[in-house]
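This report concerns only the one structure given below.
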Amino acid sequence: DSVVFTRITTMADSLYTLDIWGQAGISNDVVAYQSALNGLPVCQGVEVVEQRTVSGRTTFRFKITFKPEALKEEVAS
């Protein structure tokens, strides 16, 4: 895959949401990555907030929201 993440921030109003900026050499890889993230059981949803292609390079921003159970503390057995 040609996807590279360049910046990740948390959302001040949501413990379960991340903003992720990235770029890709192949624009279809952005859609494929979004689909893969949406398929994760801990992921509530992935929204493409921004996407631009200039000179064959695609820049994008994902808003990823995780399910609350994704942050459960692991219990040692």
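As the structure is a computational prediction, the values presented were derived from the model and not from experiment. One is the number of the first residue; the rest follow in order along the sequence.
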Determine all donor-acceptor pairs shorter than 3.5 Å in which one atom belongs to a side chain in residues 47-54; sequence neighbours excluded.
| unit_1 | atom_1 | unit_2 | atom_2 | d |
| --- | --- | --- | --- | --- |
| Glu50 | OE1 | Arg52 | NH2 | 3.3 |
| Glu50 | OE2 | Arg61 | NH1 | 3.2 |
| Thr53 | OG1 | Thr58 | OG1 | 2.9 |

Kindly list each side-chain donor-acceptor pair under 3.5 angstrom involving residues 4-14, sequence neighbours excluded, with atom names and distances?
| unit_1 | atom_1 | unit_2 | atom_2 | d |
| --- | --- | --- | --- | --- |
| Thr6 | OG1 | Trp21 | O | 3.4 |
| Ser14 | OG | Tyr16 | N | 3.3 |
| Ser14 | OG | Thr17 | OG1 | 3.0 |

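Taking every heavy atom of both residues into account, Gly25 and Ser2 meet most closely at N-OG, 3.1 Å.
Applying side-chain contact (heavy atoms from CB on, under 4.5 Å) to Val46 and the options Leu40, Thr65, Leu37, Leu18 leaves one that passes, Leu37.
Interatomic distance, Gln44 CD to Lys67 NZ, rounded to the nearest 0.5 Å: 7.5 Å.
Ala70 is linked by a side-chain contact (heavy atoms from CB on, under 4.5 Å) to Val42, Phe66, counting only residues two or more places apart in sequence or in another chain.
Residue pairs meeting the ring pair (Phe, Tyr, Trp, His ring centres under 6.0 Å) criterion with at least one partner in residues 34-64, sequence neighbours excluded, are Phe60-Phe62.
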